[in-house]
Asker: 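Sharing a structure, written as structure tokens. Questions coming.
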Number of protein chains: 2
Amino acid sequence: MPDDASPRVSTLEDVALVAGVSRASVSRVVNGKAGVAAHIVEAVNDAIARTGYVPNRAARSLVTRRSDTVLVVVSGSDTSRAGPWGPGDVLADPFFGRVAGGLMSSLRPRDVHPVLMLAVTDDERSRVLSYVREGSADGVLLVSAQAGDPLPQMLTDAGLPVVLFSRPDHPLPLSYVDVNNRAGGALAADRLVERGCRSVGIVTGPLDIPGAEDRLVGFREAMARHGVAYVPSAAGTFSVESGVAAMSTLLADHRVDGVFASNDNMAVGAILAAQERGLTVPDDVAVVGFDDSTAALMCRPTLTTVRQPIEEMAAEMARLLLERLDVPDQRPSAAIFEPALVERGSA
Amino acid sequence: MPDDASPRVSTLEDVALVAGVSRASVSRVVNGKAGVAAHIVEAVNDAIARTGYVPNRAARSLVTRRSDTVLVVVSGSDTSRAGPWGPGDVLADPFFGRVAGGLMSSLRPRDVHPVLMLAVTDDERSRVLSYVREGSADGVLLVSAQAGDPLPQMLTDAGLPVVLFSRPDHPLPLSYVDVNNRAGGALAADRLVERGCRSVGIVTGPLDIPGAEDRLVGFREAMARHGVAYVPSAAGTFSVESGVAAMSTLLADHRVDGVFASNDNMAVGAILAAQERGLTVPDDVAVVGFDDSTAALMCRPTLTTVRQPIEEMAAEMARLLLERLDVPDQRPSAAIFEPALVERGSA
DNA sequence: CCCGCACCAGAGAGCGCTCTCTGTGTGCTC
DNA sequence: GAGCACACAGAGAGCGCTCTCTGGTGCGGG
């Protein structure tokens with residue numbers, strides 16, 4: 001530590017001394033407590049300015065038993081969402097950054113700070129528990145990209161405040177935010193039918209992920225409503241390459257003229273695969289994506305896609321946790337967001 | 001807090017009581033200090049297991065004056081890197097996630113945790129300073145996407161340990177990691193020339209960003225070496241759309257047959273713009289990108305691009321900070337990584 | 001005029017931990 | 001067998017803060 005200028009950083013005590021009041025009064029002023037005489041407030045603020053006082057968070061946290069910190073856990077196997085960019089892959093998906101941005105918009109006004117943690121191994125999972133047990137964080141915001149993730153269960157068992165992004169894969173007494181995936185699938189189906197597609201297919205995500213399953217179900221239900229009983233499907237892994245592969249089999253086996261891909265990455269892959277076969281999008285085959293991510297504007301034609309308001313969802317997720325921390329004995333609640341179709345060129 | 005199961009979380013004292021030793025001994029065992037008799041170690045570990053003891057980080061931090069936490073600051077104006085996805089845009093670029101992943105790979109083994117902070121306003125910048133002043137973080141890892149960012153200066157002035165991603169725009173006594181941008185520009189030039197391009201252009205990033213400037217300089221120098229004195233340029237903002245726009249003017253004004261775009265997003269835009277004009281990539285016009293990001297595989301042809309090892313760079317950045325924290329009186333150092341050309345379809 | 005009450009500043013304990021310092025027991029040397 | 005050094009456990013202070021509790025002051029009412 002560079003102790004050149006300041007041999008020791010100033011404490012409450014120092015401020016009290018300079019202001020000629022007691023530590024308690026300084027504390028009251030610093031924390032904006034009511035019932036302090038104006039002249040004392042002034043003297044203290046003056047002393048604070050003069051000493052450059054900054055309250056020590058560890059000391060405060062020790063007595064208040066609050067860290068004003070939440071743990072943001074990204075829990076997924078390394079290969080589930082993104083490409084071969086090494087460990088920490090999950091983070092390379094812009095999805096993650098958007099979630100982070102949304103979280104921060106709720107956290108910042110409350111002066112709560114997010115600390116990032118990856119949890120793919122068992123060891124890492126137990127570290128998550130320890131971290132909040134040791135009082136380093138007040139709660140957990142969990143973004144799980146993994147099917148059968150034991151972490152939600154572990155956290156509720158431990159009685160720790162947690163909010164999930166996406167519905168957990170089996171019912172648990174905890175809060176989460178999600179998009180109405182069924183409705184999203186229906187939106188895509190309606191669009192494809194409206195365009196006059198006669199033979200539609202779907203590129204799904206990994207079906208052990210509830211959201212991916214729901215999008216499929218919603219899509220199929222809507223197609224059934226339109227009188228189409230059978231919808232061929234091919235599963236992908238949410239990556240561009242998997243979209244290319246899935247689309248290729250769909251095209252080869254079923255000569256589809258309309259496809260719903262369960263996320264934008266795979267939709268981009270689907271467009272690429274179609275074009276490679278000499279097909280024109282959207283005339284020969286229409287493609288609808290899901291997410292409205294940055295990828296939607298990276299392809300031609302640009303992607304018609306089902307938008308999920310990730311930033312807002314993440315913001316709400318943080319808000320739910322904060323609320324839970326303020327009022328501990330709350331029942332868990334779910335916030336479900338309605339998706340919207342964004343019409344661009346591909347369908 | 002759900003005090004159902006545990007009325008109070010167990011402390012060192014409790015463990016000491018159970019183990020029948022002193023607090024000091026427990027502390028020694030917990031921290032793996034040498035010189036503790038085997039039977040005591042055993043008794044303590046046993047007691048820890050039985051009580052479910054987890055050390056309180058605030059208390060520890062209060063006395064050690066170490067938080068085992070570093071601040072990861074993303075400092076940039078909201079609009080500099082990514083698209084119109086609202087506030088927190090900077091994070092939507094996969095670039096950020098890759099950096100985060102790289103950082104964590106160095107931080108995790110040392111059990112240091114990253115807390116995330118955005119700094120675009122003055123208020124937020126001063127919060128960064130406060131945060132480490134109040135002992136909440138031991139140092140700062142700064143990813144600045146902004147030209148003329150005052151934060152590096154502020155941090156060095158305050159004498160706080162900081163490491164930058166990318167060379168600061170004016171010389172400062174601090175450590176940073178960067179890629180050899182000049183060499184990267186040269187790699188792109190060599191490739192274009194090698195392909196037989198006779199009229200090359202460059203889509204630059206914002207030229208007040210040192211890295212963008214360096215890529216331009218490196219590219220021009222190499223072209224000069226190949227006997228080409230003049231290289232037309234058009235500036236973009238690192239976004240896909242800006243790449244489309246810049247490429248369009250280059251194509252219209254200079255009929256280029258080879259282009260170097262200063263990042264992959266803009267390179268994708270360049271390909272799109274070329275194809276919109278009925279040109280074939282790479283035959284009519286070759287395109288080289290920079291980064292080797294996820295976008296490189298989202299277009300057809302796939303992107304030939306100058307790879308910068310973002311994860312490794314970020315990992316090194318964290319390592320530099322950790323080192324600086326261990327040995328405070330170190331001179332700042334720079335770690336420059338060599339870029340490499342990744343050959344794919346576009347050039 | 002004196003008592004009581006409201007209001008607000010100060011004193012002091014203590015949050016859970018680390019770390020220095022002291023004390024004790026052991027094994028060694030002479 | 002006495003003295004000494006060494007190894008290791010325990011006692012205790014104190015990190016910077018919050019918060020309860022106490023006590024002093026000034027006012028109004030009886």
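In the text below, chain A, chain B and the rest are named by the order of the sequence lines, each starting its count at 1.
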Asker: Taking the side chain of B:Arg28 as heavy atoms from C-beta outward, which of C:dG16, C:dT20, D:dT18 is closest to it?
Answerer: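 Taking heavy atoms from C-beta onward, the closest nucleotide is C:dT20.
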Asker: Can you tell me which nucleotide in C:dA9, C:dC17, D:dC19 comes closest to the side chain of A:Lys33?
Answerer: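 The listed nucleotide nearest to A:Lys33's side chain is D:dC19.
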Asker: Closest to the A:Val63 side chain: C:dG10, D:dC17, C:dC19?
Answerer: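 Within the option list, the nearest is D:dC17.
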Asker: Checking the side chain of B:Ser10 only, and the main-chain atoms of B:Thr51 only, is there a donor and an acceptor separated by less than 3.5 Å?
Answerer: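 Yes; judged by distance alone, with no hydrogens or angles, the pair exists.
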Asker: Side chain of A:Val21 only, heavy atoms from C-beta on: which candidate in C:dG16, D:dA9, C:dG10 is closest?
Answerer: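 The answer is C:dG10, which lies nearest to the side chain.
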Asker: Of the nucleotides C:dT18, C:dG10, D:dT18, which has the atom closest to the A:Asn31 side chain?
Answerer: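 Looking only at heavy atoms from C-beta outward on A:Asn31, the closest nucleotide is D:dT18.
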Asker: Among the nucleotides D:dG12, C:dG10, C:dG12, which one has an atom lying closest to any side-chain atom of B:Arg23?
Answerer: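 The nucleotide sitting nearest to the side chain is D:dG12.
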Asker: Consider the side chain of A:Ser22, meaning its heavy atoms from C-beta on, and name the nucleotide among D:dG16, C:dA11, D:dG12 that approaches it most closely.
Answerer: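 In terms of side-chain proximity for A:Ser22, the closest of D:dG16, C:dA11, D:dG12 is C:dA11.
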Asker: Is the ring centre of B:Phe165 less than 6.0 Å from the ring centre of B:Phe95?
Answerer: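 Centroid distance B:Phe165-B:Phe95: below 6.0 Å, so yes.
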Asker: Let's see if you can work this out: which of D:dT18, D:dA9, D:dC15 has an atom nearest to the side-chain heavy atoms of B:Leu62?
Answerer: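 The nucleotide sitting nearest to the side chain is D:dC15.
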Asker: So what does B:Ala37 hit on the nucleic acid, given a heavy-atom distance under 4.0 Å: a base, only sugar-phosphate, or nothing?
Answerer: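 The residue B:Ala37 makes sugar-phosphate contact but no base contact.
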Asker: Does atom CD (B:Gln330) have a neighbourhood of more than 12 heavy atoms from anything else shown, all under 6.0 Å?
Answerer: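 Check passes, neighbour count above 12.
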Asker: For B:Ser67 and B:Asp138, does a side-chain donor sit closer than 3.5 Å to a side-chain acceptor?
Answerer: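 Yes, a side-chain donor-acceptor pair sits under 3.5 Å.
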